[in-house]
Amino acid sequence: MSLLGRDYNSELNSLDNRSQSPSESSSSITSENVHPAGEAGLSMMQTLIHLLKCNIGTGLLGLPLAIKNAGLLVGPVSLLAIGVLTVHCMVILLNCAQHLSQRLQKTFVNYGEATMYSLETCPNTWLRTHAVWGKYTVSFLLIITQLGFCSVYFMFMADNLQQMVEEAHVTSNICQPREILALTPILDIRFYMLTILPFLILLVFIQNLKVLSVFSTLANITTVGSMALIFEYIMQGIPYPSNLPLMANWKTFLLFFGTAIFTFEGVGMVLPLKNQMKHPQQFSFVLYLGMSIVIILYIFLGTLGYMKFGSDTQASITLNLPNCWLYQSVKLMYSIGIFFTYALQFHVPAEIIIPFAVSQVSESWALFVDLSVRSGLVCLTCVSAILIPRLDLVISLVGSVSSSALALIIPALLEIVIFYSEDMSCVTLAKDIMISILGLLGCIFGTYQALYELTQPTNHSMANSTGVYA
């Protein structure tokens with residue numbers, strides 16, 4: 001039972017004193033289950049590592065295709081602009097939470113609570129009486145976003161596993177550029193997803209965060225190693241980009257927007273990370289330093305990757321790597337890192353949903369319900385990946401639907417609601433309105449374009465441009 005890391009006797013007793021809504025019974029690591037800052041808090045370096053880990057995932061590997069969708073000039077400039085805007089919204093969220101904490105005399109206010117408390121003090125009567133739905137909305141978006149990440153992880157691992165397995169007989173020790181000769185896949189991509197499924201179910205049964213931290217360390221090591229090898233390859237012999245368009249079609253730019261927003265996936269972690277720091281007043285420096293590193297990494301990988309592979313750029317840059325054992329090991333290492341990261345991303349929706357589900361049954365059924373919900377959620381992400389086996393479009397869809405709301409729309413609206421009655425300047429008001437409108441337009445048109453692309457007929461085995469190449 002120690003591996004599962006859950007004491008149901010104490011948990012059921014604590015649940016008796018909670019509201020019975022799934023949002024209020026949450027203990028999510030991203031917004032609920034945080035430790036007060038103090039002597040045992042995180043150092044600056046530890047916080048920086050966590051911040052980098054939160055923002056470097058599968059979305060990073062899809063950035064070369066995102067730059068292709070925007071254009072060689074428009075892509076990097078737009079990625080920089082979205083990065084700066086996202087960091088600004090993170091700062092807005094931090095300021096709003098700090099203001100509410102001081103006003104309500106609370107030590108910590110999470111994302112959902114900040115939304116609820118801000119609506120409780122707004123002038124509109126209807127919004128005040130329905131303020132709790134602000135918290136429900138943020139919790140729902142967190143669930144959708146995190147399960148979307150997990151679904152993308154399924155596709156990423158299956159894509160790379162298929163390529164490694166079905167190219168094993170032609171893999172050599174000589175690393176040469178991959179030729180664009182598509183071979184018929186031996187097994188459908190869905191077979192590889194189903195192969196991974198039972199292992200992920202067993203992984204998410206581990207609920208002890210100390211055990212998960214070991215896997216997190218392993219994921220960090222494999223990710224750093226694989227990224228070093230990816231950069232080492234794409235920086236060799238980059239062709240002159242004279243034939244690459246500086247600006248792409250506006251329809252594909254909408255896909256770029258969703259992918260870019262998806263990639264900045266750490267907005268839900270800024271509040272708990274600050275709260276867990278030994279010296280929370282230093283978090284602003286850590287945030288600016290960490291996100292500067294992230295933005296520079298994104299721009300360099302996306303731009304150099306597109307320049308290296310041009311029109312042949314695939315949904316994940318790992319699928320463009322040469323067919324030799326060295327770069328096959330890159331796919332293996334990154335896939336291992338993503339495999340273990342799945343459990344950490346899964347922990348967020350699980351800890352929002354499971355406490356509510358467990359509170360509805362007797363103590364004797366608590367463990368069964370817990371494990372059943374975990375298994376069901378993993379199966380849900382697998383089914384989503386099977387039904388929509390398009391890595392690039394799912395990344396764009398998740399980014400457009402939920403990440404844009406969490407990263408852009410809600411923080412800007414929070415600042416308006418909280419500070420409008422406190423002599424907010426016209427410039428700040430106009431700025432927040434523009435950010436909200438930009439996020440909303442990106443959400444609407446990005447979602448439409450991703451759904452439109454998903455409805456277009458395509459060869460299922462090659463839908464993700466991840467077929468086996470000679």
Side-chain angles (χ1 to χ4, degrees), residues 57-59 61-62 65-66 69 140-163 165-166 184-201 203-204 251-252 254-255 258-259 261-262 265 314-316 318-319 335 338-339 341-343 345-346 348-350 353 372-405 443-468:
T58 54
L61 301 179
L65 182 62
N69 287 333
F140 176 75
L141 290 173
L142 280 173
I143 292 172
I144 295 298
T145 301
Q146 299 302 127
L147 290 181
F149 292 159
C150 291
S151 183
V152 167
Y153 290 173
F154 247 111
M155 284 178 277
F156 176 85
M157 289 185 288
D159 286 334
N160 285 274
L161 181 61
Q162 182 189 45
Q163 203 176 64
V165 170
E166 300 191 4
T184 303
I186 300 173
L187 294 172
D188 192 283
I189 188 69
R190 291 169 290 193
F191 170 82
Y192 293 95
M193 294 180 186
L194 294 175
T195 301
I196 299 169
L197 177 61
F199 296 101
L200 283 176
I201 290 177
L203 180 66
V204 301
K251 291 184 178 180
T252 58
L254 295 176
L255 298 178
T259 303
I261 291 294
F262 176 94
E265 54 190 70
Q314 299 190 50
S316 170
T318 57
L319 302 172
S335 295
I338 291 299
F339 177 82
T341 305
Y342 183 100
Q345 296 284 13
F346 180 86
V348 178
I353 297 173
S372 297
V373 172
R374 290 178 182 275
S375 302
L377 290 175
V378 176
C379 291
L380 177 62
T381 62
C382 181
V383 171
S384 300
I386 289 175
L387 293 178
I388 315 175
R390 295 287 304 274
L391 180 62
D392 54 336
L393 295 183
V394 172
I395 287 177
S396 181
L397 183 61
V398 173
S400 298
V401 172
S402 54
S403 297
S404 60
C443 175
I444 294 173
F445 291 108
T447 301
Y448 167 79
Q449 187 61 30
L451 292 175
Y452 174 78
E453 295 289 339
L454 286 170
T455 58
Q456 299 306 297
T458 183
N459 185 343
H460 181 78
S461 63
M462 296 298 294
N464 208 19
S465 301
T466 58
V468 182

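Atom set for the values below is all heavy atoms of this structure, side chains included, hydrogens, waters and symmetry mates excluded. Sequential numbering from 1 along the given sequence is applied to the chain's residues.
- Between F140 atom CZ and I143 atom CD1 the span is 7.5 Å, to the nearest 0.5 Å.
- A distance of 11.5 Å separates CD1 in I196 from CD1 in I338, rounded to the nearest 0.5 Å.
- The line from OG of S375 to CG of L200 is 11.5 Å long, rounded to the nearest 0.5 Å.
- Under the rule for a side chain to side chain contact (heavy atoms under 4.5 Å, CB included), the partners of V383 that lie at least two apart in sequence or sit in another chain are L387.
- Of the options V373, L147, T381, a side chain to side chain contact (heavy atoms under 4.5 Å, CB included) to P349 is made by L147 and by none of the others.
- Note that CG of L161 and CZ of F191 are 9.0 Å apart. Values are rounded to the nearest 0.5 Å.
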Exercise for the section: Please step through side-chain contact (heavy atoms from CB on, under 4.5 Å) for the pair M193 and M157, ending with a clear verdict. Expected result: CA-CA 8 Å; M193 294 180 186; M157 289 185 288; over 6 Å; no
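- Between I261 and S404, the shortest heavy-atom distance links the atoms CG2-N, 3.4 Å.
- In this structure F199 satisfies the side chain to side chain contact (heavy atoms under 4.5 Å, CB included) test together with F339, sequence neighbours excluded.
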Practice task
Report the C-alpha distance between L194 and I386 in whole Å, list the side-chain angles of each, state the deciding distance to 0.1 Å, and finish with yes or no for side-chain contact (heavy atoms from CB on, under 4.5 Å).
Solution key: CA-CA 9 Å; L194 294 175; I386 289 175; 3.9 Å; yes
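- Under the side-chain hydrogen bond (donor to acceptor under 3.5 Å, both in side chains) criterion, S402 pairs with T145, not counting sequence neighbours.
- We find the CZ-OG1 distance between R190 and T195 to be 13.0 Å, quoted to the nearest 0.5 Å.
- Evaluation of the side chain to side chain contact (heavy atoms under 4.5 Å, CB included) rule for T447 yields L397, S400, V401, C443, L451 as partners, not counting sequence neighbours.
- Residues Q162 and I189 share a closest heavy-atom pair of OE1-CD1, 3.6 Å.
- In terms of the side chain to side chain contact (heavy atoms under 4.5 Å, CB included) criterion, residue partners of F346 (sequence neighbours excluded) are, by chain and number, C150, V204, Y342, A350, R374, L377, V378.
- Rounding to the nearest 0.5 angstrom, the gap separating the OG atom in S151 from the CD1 atom in I144 is 11.0 Å.
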